[in-house]
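This report refers to the structure that appears directly beneath it.
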Amino acid sequence: MLAIENVTKSYGPRVLYEGLSFKLNAKERAGLVARNGHGKTTLLRMIMGEESHDGGTITIPKNYRLGYVRQQIAFTRPTVLAEAMTGLPPTEADHHWKAEKILAGLGFSAADGQRPPGEFSGGYQVRLNLAKALLAEPDLLLLDEPTNYLDITAIRWIIRFLQSWPHELLLITHDRGFMDQVVTHIVGLHRGRARKLKGDTAKYYEQIARDEEVYEKTRMNDERRRREVELFISRFRAKARLANMVQSRIKTLEKMEKRDKLRPLQSLEFSFRSQPFRGRRMLTARGLTFGYGDARPLFQGLNLAVEPEDRIAVVGPNGHGKTTLLKVLAGVLPPSAGEVQFNPQVRMGFFEQTNVATLLDERTVEEEIQSADPRLERQVARNICGAMMFEGDDALKRVAVLSGGEKSRVLLGKLLATPLNLLLLDEPTNHLDLVTIQWLEETLLKTDSALVLVTHDRAVLQALATRIVELDRGHLYAFPGDYHAFLARKEAALAAEEGQAARQDRELAREEAWIRQGVKARRRRNQGRVRALERLRDERRQRREALGDVRLRLQAAEQSGKLVLVAEGVSHRWGDRWVFQDLSTVISRGDRVGIVGPNGAGKTTLLQILLGRLTPERGKVRHGTRLQVAYFDQLRAQLDEERSVADNVAEGNDRIVFNGRTRHVMGYLSDFLFTVERARQPVKALSGGEKNRLLLARLFARPANLLVLDEPTNDLDLETLELLEERLYDYDGTILVVSHDRVFLDQVATGILAFEGDGRVNEYVGGYSDWRRQRRAAEAPPPAPAPKPLRLKTPPLGPRKLTFKEQKELEALPGTIERLEAEQANIFAALGDPGIYKRLGATVPGLKARLGEIETELAAAYARWEELEGRAGG
């Protein structure tokens with residue numbers, strides 16, 4: 001059993017916990033939930049004794065064993081199996097079958113068990129640490145994001161394993177589905193305190209929402225009560241006979257707690273203009289084939305149907321025709337064979353990666369958006385400009401002065417301005433800032449239009465797609481369901497395909513051996529078998545082998561000094577506008593800093609200043625010692641479009657030196673999926689994704705201890721993107737990265753520099769999700785205007801002597817008011833207790849109704865009191 005009592009923890013002025021208390025009882029499996037940056041991992045580290053707390057106690061029973069998955073890699077045994085067995089309890093030190101079972105569940109094959117741990121990727125090395133923790137069978141298992149680096153099969157296995165875990169478990173994960181299947185309780189860290197309840201995350205968040213509602217209603221009632229007390233004091237302070245009541249209320253006012261308002265977050269909403277569609281099928285493509293010249297077709301014989309409620313995502317490796325397929329569907333390119341048929345009711349909008357060139361430089365943003373639909377009113381066009389963050393005079397900017405991201409927003413604005421029922425979107429999130437990506441995702445979820453989407457943003461892909469179609473080796477494969485379901489089915493399909501190819505190869509080998517027997521094969525009765533052999537040979541020639549993985553490796557360089565970059569009071573401006581002011585930060589060796597902000601905010605400018613390529617207006621930047629910088633340029637200016645792929649990497653040589661070894665440039669480029677033929681072609685013949693792969697190849701061929709990456713994820717396919725994340729995770733040097741890919745930033749960044757308007761660049765700990773949660777906590781709308789003082793209307797009657805009945809009524813009113821206020825305070829206290837919703841939930845509506853009645857009665861009592869006082873002339 002674990003007991004945490006009144007624990008406090010602060011970092012400087014920031015209070016992380018205050019009076020944190022909860023207990024973890026025998027055999028309870030608890031999920032630890034909180035916003036990122038609110039201390040989940042810190043709590044685990046304090047339980048392990050790796051970090052101290054400022055106050056309170058953490059009580060762990062004697063001989064109570066703790067298990068914690070280490071992120072640090074420190075292996076001592078020669079093989080994976082031997083290393084895993086070090087986690088076994090001493091009494092089971094030779095039970096290798098337990099280690100083999102858990103390793104198999106986490107994705108290690110029997111052959112992997114005999115390989116050295118150092119040969120595996122960082123992700124698999126973390127899996128090995130997880131296996132050691134599970135094998136130790138501790139009394140309390142502490143897991144911090146255990147699903148990172150696990151594929152779907154391994155996740156399913158670990159769910160079953162933890163469901164049968166016989167001891168206590170404390171789990172941190174952002175995968176709510178995983179957590180809900182494993183835990184018996186939820187421990188939530190909220191407003192610096194802990195709340196534990198039995199059930200899943202849905203129940204916990206429902207309770208938190210209810211608590212927030214109660215808090216806000218209680219605060220509003222407190223404010224109303226405060227105004228009434230203040231009014232009473234100011235009105236009757238001079239009345240001698242009411243002096244006791246006035247003094248009582250003054251004391252009450254002093255004791256009343258001032259609650260801060262829970263301010264809602266502002267959000268920007270917009271929506272696509274939908275065009276009604278009354279049909280069964282919008283688009284039908286039959287037998288589509290497309291190729292350039294005599295080269296092998298990018299795809300052939302494709303069939304695809306789009307229905308009104310479809311949200312289809314097209315995925316596949318770069319350079320295999322995803323953009324081309326959308327262009328063919330949109331009618332921009334004619335197919336080499338086949339046809340595309342549209343229902344006459346279809347109104348299609350097409351967003352293409354490169355069609356910013358269709359914008360006219362001399363037009364303003366407003367004019368471009370209005371040109372999308374001649375019937376569009378100017379005010380509607382201005383509203384769309386505002387939705388796309390061109391507010392006020394920014395809507396009158398000329399297209400010629402806009403950045404790439406701003407032009408992308410103009411194109412999206414034109415789609416918003418057009419009534420549509422079918423959207424074809426090719427990488428719509430490229431060059432968009434993070435906020436706009438989130439808005440776009442939410443808007444596409446709400447639109448009535450059908451959607452065909454190409455994107456490498458996995459968060460968008462998972463949120464939007466209801467059907468995945470994969471363009472792989474010239475063929476289209478359909479997978480119903482979302483992206484996670486696609487990954488599972490794809491894995492099974494590849495395994496089946498490999499088995500079928502192996503059977504065909506065995507049959508071909510057998511038939512080749514037969515044909516080599518010579519004369520017998522030429523007999524008439526064997527001619528059919530000869531023809532079958534020719535068909536097998538032809539199939540083997542036609543079969544395209546599955547595309548290999550990009551093998552990214554980072555070339556090591558001499559370690560830099562501990563301090564890499566120090567910025568002191570750095571400010572810079574464009575004309576009269578300050579891009580950022582008084583930025584001070586220290587970047588140390590090993591830091592991974594993500595730079596985020598709207599397009600045009602100055603992220604690339606900040607990189608240039610930090611690297612010393614641009615001089616700031618004020619302040620200074622100091623560089624550490626032994627820096628070797630590798631810079632990834634989002635504009636691809638480092639590539640010579642006319643030279644070949646190989647020459648761009650090897651500068652005309654046929655060999656490069658990589659990590660102290662000489663490699664042929666063609667072999668090196670094959671690691672990045674460039675064939676010999678492709679490596680000899682000029683860069684201008686490459687697709688956008690291939691150019692980015694080439695930039696990475698060029699970047700990684702140079703030793704560096706500071707990687708500066710400006711939008712490295714644009715146009716990369718999902719497989720390359722995930723591998724890039726893994727290699728950056730293993731990288732020992734320092735990283736500065738500008739990216740709008742939320743998942744990428746969460747995986748790579750350990751700190752964020754965020755452009756937040758008005759020249760402010762603020763620093764946050766953690767990745768993208770951590771920044772957003774910390775930012776939401778700090779954001780607040782302007783304070784609400786002060787409420788008008790309560791004015792009680794008094795009949796215009798002059799002073800006169802009260803009747804006996806009126807005198808008795810006046811004397812009774814203070815007691816009536818006190819009774820009502822006491823009842824009101826009791827109801828407020830009851831509703832402020834979250835437990836009432838569990839114990840006496842049926843009474844809550846009645847209590848709320850009684851509150852309304854009390855407010856009416858109090859208003860009437862005050863009004864009557866003032867009326868009688870006025871008549872008495874007092």
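Numbers here simply count residues along the sequence, with the first being 1.
Looking only at distances, no side-chain donor or acceptor of Asp144 sits under 3.5 Å from a matching main-chain atom of Ile172. Between the Arg29 side chain and the Val182 main chain, a donor and an acceptor come within less than 3.5 Å of each other. A donor-acceptor pair is defined here as one N or O able to donate and one able to accept, closer than 3.5 Å; no such pair exists between the side chain of Thr585 and the backbone of Ala567. Between the side chain of Tyr17 and the main chain of Leu189, no donor-acceptor pair closer than 3.5 Å is present. Counting only distance, with no hydrogens or angles, the side chain of Asp482 and the backbone of Gln462 share no donor-acceptor pair below 3.5 Å. Looking at Lys603, its side chain does come within 3.5 Å of a backbone N or O of Gly597 through a donor-acceptor pair.
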Extract all donor-acceptor atom pairs below 3.5 Å that involve side chains of residues 748-759 and protein atoms in other chains or at least two apart in sequence.
from: Thr750; atom 1: OG1; to: Arg592; atom 2: N; distance (Å): 3.3
from: Thr750; atom 1: OG1; to: Arg592; atom 2: O; distance (Å): 3.3
from: Glu756; atom 1: OE1; to: Asn762; atom 2: ND2; distance (Å): 2.5
from: Glu756; atom 1: OE1; to: Tyr764; atom 2: OH; distance (Å): 3.1
from: Glu756; atom 1: OE2; to: Tyr764; atom 2: OH; distance (Å): 2.8
from: Glu756; atom 1: OE2; to: Trp771; atom 2: NE1; distance (Å): 3.0

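When side chains are defined from C-beta on, Val621 counts as touching Val570, because their heavy atoms get closer than 4.5 Å. Within the 4.5 Å cutoff, the side chain of Ile4 has no heavy atoms near those of the Ser21 side chain. Put simply, the side chain of Ile312 does not reach to within 4.5 Å of the side chain of Leu453, judged on heavy atoms. Looking only at side-chain heavy atoms (C-beta outward), Val629 and Leu611 come within less than 4.5 Å of each other. Here the side chains of Ile47 and Leu170 are in contact, with some heavy-atom distance below 4.5 Å. Leu606 has its side chain within reach of Leu583: a pair of non-hydrogen atoms, C-beta onward, lies under 4.5 Å apart. The closest side-chain heavy-atom distance from Leu141 to Leu143 is below 4.5 Å. By the 4.5 Å heavy-atom criterion applied to side chains, Leu461 and Val315 are counted as neighbours.
Qualifying side-chain contact (heavy atoms from CB on, under 4.5 Å) partners for Ser584, counting only residues two or more places apart in sequence or in other chains: none. Applying the side-chain contact (heavy atoms from CB on, under 4.5 Å) criterion to Arg193, with sequence neighbours excluded, gives no partner residue. Residues meeting the side-chain contact (heavy atoms from CB on, under 4.5 Å) test with Lys196, sequence neighbours left out: Asn25, Glu28, His185, Val187. Listed by chain and number, the residues in a side-chain hydrogen bond (donor to acceptor under 3.5 Å, both in side chains) with Asp200 amount to none (sequence neighbours excluded). Looking at residues two or more places apart in sequence or on another chain, you find a side-chain contact (heavy atoms from CB on, under 4.5 Å) between Thr466 and Arg311.
Rounding to the nearest 0.5 Å places CG of Leu142 at 10.0 Å from CG of Leu171. Rounding to the nearest 0.5 angstrom, the gap separating the CD atom in Glu51 from the CG atom in Leu43 is 10.5 Å. In this structure, CD1 in Ile595 is found 10.5 Å from CG in Leu709, a value given to the nearest 0.5 Å. To the nearest 0.5 angstrom, Tyr68 atom OH is 6.0 Å from Arg45 atom CZ.
Inspection of the Asp591 and Thr734 side chains reveals no N or O donor paired with an N or O acceptor under 3.5 Å. A side-chain donor from one of Asp180 and Thr201 sits under 3.5 Å from a side-chain acceptor of the other.
Heavy atoms only, all atoms of each residue included: Lys9 and His53 are closest at CD-CA, 4.2 Å. For Val564 against Ser588, the heavy-atom pair with the smallest separation is CG2-C, 3.7 Å. In terms of heavy atoms, Ala465 sits closest to Ala313 at CB-CB, 3.7 Å. The two residues Leu745 and Ser739 make their nearest non-hydrogen contact at CD1-O, 3.4 Å. For the residue pair Val738 and Pro712, the shortest heavy atom distance occurs at O-CD, 3.5 Å. Across all their heavy atoms, Leu614 and His572 have their closest contact at CD2-NE2, 4.0 Å.
Salt bridge Lys446/Glu442: absent, no basic N to carboxylate O contact under 4.0 Å.
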